[in-house]
Asks: 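To start, I am sharing the structure in question, which I have written as structure tokens.
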Amino acid sequence: MFLLRTSMNLARVIQDRFRPALAGLVADPEPYVAMVKPTQDAKHGDYQANCAMSLSKTLGKKPRDIAQDIVARLDRGDLLEPPEIAGPGFINLRLQSSWLARQLQTMAADDRLGVAPAQPPKTFVIDFSSPNVAKPMHVGHLRSTIIGDALARLLRFLGHTVVTDNHLGDWGTQFGMILFGYKNFVHDNAFVQDPVRELSRLYVLVREISKAAEDDDEANDAESRTTLTAEGRQIAQLAADASRKETAKLHAADPENVRLWQLFMPHCMEEIERSYRRLDVKFDHTHGESFYNPMLRGVVESLLEQKVAEPGDDGAIIIRFTDKNVALVQKRDGAFTYTTSDLATIRHRMDAWHPDAILYVVDFRQALHFKNLFAAARCWGFDQVALEHISFGSVLGKDGKPIKTREGGAVELGALLDEAIERAAQVYDANVQESRDRGDDVPDLSDAERRQIHEAVGVGAVKYADLSQNRASNYVFDFDKMLAMNGNTATYMQYAYARNRSIFRKGNVDVARFRANPPPALLDTPHERALALQLLRLEEALARATEEYHPSEITSYLWDLSKTYSGFFQNCPVLKAETPALRDSRLLLCDLTARVIRLCLDLLGIRTVERM
RNA sequence: GCCCCCGUAGCUCAAGUGGAUAGAGCAUCUGCCUUCUAAGCAGAGGGUUGCAGGUUCGAGUCCUGCCGGGGGUACCA
């Protein structure tokens, strides 16, 4: 039998009831249907419809009368209690508890927890992480990696086809700097010992020198211009020129530079893969800039042919958006730029995967680049695909400035994760001791299990702290805060999950029964009803997270859920419930809560543990 | 100079397409462990949403100007 899965997006279910009611009043009901939304305050009910006030002007009637009219036309069915009209014309809605109870059973029996697959499914390419291979990954790559991975998991769960593609910086100017540095300043021993660290040192060395020339050029006042001696400026200029030359030679397939590139790459990749393993991040494809190199000449020719690009000053080739807004696609020395390579990437992705959308999870500072890139791509003929810059703010230190080590360098990702896990271990072990002293029933765990908890908690804390932030704003990286372990943190969720699982262990209850053949849910207390409602809002929350690609919608849903669950946990004894039916109902609520927490954390790329 | 983003409680952040008394956590204060893990729960105080106008039944949200912070602005990516 073919069963059409009914949506458990509660807002949408209620909106579907309002649509016919509103259709009798206005030509286009959609904007007004959309005004049905969750209440901010539970005393106003579960949902509210705010359309009556807006309709007042167009219909020339008093809002409260319109509200009255809408309610009269509304087919409540077995879904809603009789609505109340309040204030200027709010329609307050309350779902029938019996309806919630039935939905809960359906949800429990579904391995997707009632979340309907997207219709129609789309194909997304997600471009995230994109480290420069020349140096160890650092804190700057964290947000892109974490946010991109979470979005990939979310979209995939919703039934979309997702292609993750790591656009490695393995071919640009920074590689020219390394080549120049390696050829002139490499410490052979250091390179043998730890190739990536040595390459990183060389990169930083050359960049610092070259940047000095640039900075000095841009300095306006005589005072800062004198920071470099004439000789110093000359050296800086030479280094910058030499690096550019090495880049151009690499691009022109110079045998020696290609050989060095092939020598460096495996080491770099291994280093990067290590970070991804620790973060539980995987990519379907890793097509770095080098992959696109052979295509770049053709891209520029095509751009010229189609009059997207034009010759600029000094033999460069440019795309002109406005008088002052110009992007370079080929430099005067013949080297191509990231705009060229990004355009080649778009063409390749369109050919290979035919996506409906390409998402770029990249730092907000590249907003102008992407605006230009997308405009150029549309002009070049790719006007059917949705190109979106999923931008995010900087990671700041506690002082509010971009995060740095004490020495002023970038914080390396590996060291950062080490510290997170070590701090997590300290906090966890201390708390276990405290609980023991207090007489709590804390499980005895093996060292291996404790190690797993430390990792789950430490890495989870880093990820959750990042994802729970609105991605658009900068965020302050603070170990103490993310590992404080109360409030809206990964640990709170992981702990809520573990405590929940311990109920089933303690009662020797097999969860399978609550999934294969769920018992009826009894929602007579406010705590039980509130928990049921919150559980059923899962699909709505995931939909919201998808709309604007905001993983923080998932964390704020989780936070609401776990607070509601805490209220329930505090007030509703489960194993010692008054009747077997009530015990079953509460076990059902517990199991569903655990499954939802686990699913949501999984969509965020955060592990759960069964005991902690 | 021009363009973009951001200013919300002492601190870090929420607030759905404009909705009801702007919410959380931390910190401060008051209660709660002979009942399923107190990394918890219940409660209190704390706000001219940077400033000044405007739009309307209603503005943290939209518009204008100003102040403050950040970023970008053709040969880095």
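Per chain, numbering begins at 1; letters A, B, ... match sequence-line order.
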Asks: Reckon Cys572(A) touches a base, only the sugar-phosphate, or nothing at all at heavy-atom distances under 4.0 Å?
Replies: base
Asks: Look at all strands and tell whether Glu289(A) reaches a base, only sugar-phosphate, or nothing, counting heavy atoms closer than 4.0 Å.
Replies: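 Result for Glu289(A) = sugar-phosphate.
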Asks: Regarding Glu434(A), tell me which of base, sugar-phosphate or nothing describes its non-hydrogen contacts under 4.0 Å with the strands shown.
Replies: nothing
Asks: Any base atoms under 4.0 Å from Met612(A), or only sugar-phosphate, or nothing? Heavy atoms, all strands.
Replies: base
Asks: Record whether the side chain of Asn92(A) comes under 3.5 Å of the base of A20(B) through a donor-acceptor pair of N or O atoms.
Replies: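 When only heavy-atom distances are counted, Asn92(A) does reach the base of A20(B) through a donor-acceptor pair under 3.5 Å.
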Asks: Using a cut-off of 4.0 Å on non-hydrogen atoms, how would the nucleic acid contact of Ala496(A) be classed: base, sugar-phosphate, or nothing?
Replies: nothing
Asks: What's Arg438(A) touching, base or sugar-phosphate or nothing? Going by heavy atoms closer than 4.0 Å.
Replies: base
Asks: Indicate, with a heavy-atom threshold strictly under 4.0 Å, whether Lys62(A) touches base, sugar-phosphate, or nothing.
Replies: nothing
Asks: One pair to check against side chain to side chain donor-acceptor pair (under 3.5 Å): Gln534(A) and Tyr557(A). What are the steps and the verdict?
Replies: CA-CA 8 Å; Gln534(A) 193 59 34; Tyr557(A) 168 75; 5.0 Å; no
Asks: What's touching nucleotides 7-12 of chain B from the protein side, N or O pairs under 3.5 Å?
Replies:
none

Asks: For a quick check of understanding: with a heavy-atom distance under 4.0 Å over all strands, which category does Asn50(A) fall into, base, sugar-phosphate or nothing?
Replies: base
Asks: Sub-3.5 Å donor-acceptor pair from the side chain of Asn9(A) to the main-chain atoms of Arg12(A), do we have one?
Replies: yes
Asks: Would you classify Asp314(A) as touching base, sugar-phosphate or nothing, given that sugar-phosphate means primed atoms plus P, OP1 and OP2, and contacts are heavy atoms under 4.0 Å?
Replies: base
Asks: Can you list the stems that RNA chain B is part of, where a stem is at least 3 pairs in a row, each Watson-Crick or G-U, with both distances below 3.5 Å?
Replies: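 RNA chain B stems, ordered by first number: B:1-7 with B:67-73, B:10-13 with B:23-26, B:28-32 with B:40-44, B:50-54 with B:62-66.
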Asks: Pick base, sugar-phosphate or nothing for Ile318(A), based on heavy-atom distances below 4.0 Å to the nucleic acid.
Replies: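 The residue Ile318(A) makes base contact.
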Asks: What does the list of N/O pairs under 3.5 Å between the protein and nucleotides 54-58 of chain B look like, with a distance for each?
Replies:
unit_1 : atom_1 : unit_2   : atom_2 : d
C57(B) : OP1    : Lys57(A) : NZ     : 2.8

Asks: Please classify the nucleic acid contact of Asn508(A) as base, sugar-phosphate, or nothing, using heavy-atom distances under 4.0 Å.
Replies: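 Result for Asn508(A) = nothing.
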Asks: So what does Ala34(A) hit on the nucleic acid, given a heavy-atom distance under 4.0 Å: a base, only sugar-phosphate, or nothing?
Replies: base
Asks: Report the distance from atom CD of Gln40(A) to atom C1' of G19(B), rounded to the nearest whole Å.
Replies: 8 Å
Asks: Under 4.0 angstrom, heavy atoms only, what part of the nucleic acid is Arg332(A) near: base, sugar-phosphate, or nothing?
Replies: base
Asks: Hey, does the side chain of Thr555(A) come within less than 4.0 Å of A14(B)'s phosphate (OP1/OP2), counting only N and O?
Replies: no
Asks: Using a 4.0 Å heavy-atom cut-off, does Ser556(A) contact any base of the nucleic acid, only the sugar-phosphate backbone, or nothing at all?
Replies: nothing
Asks: Atom CG of Asp560(A) and atom P of G25(B): how far apart are they, to the nearest Å?
Replies: 11 Å
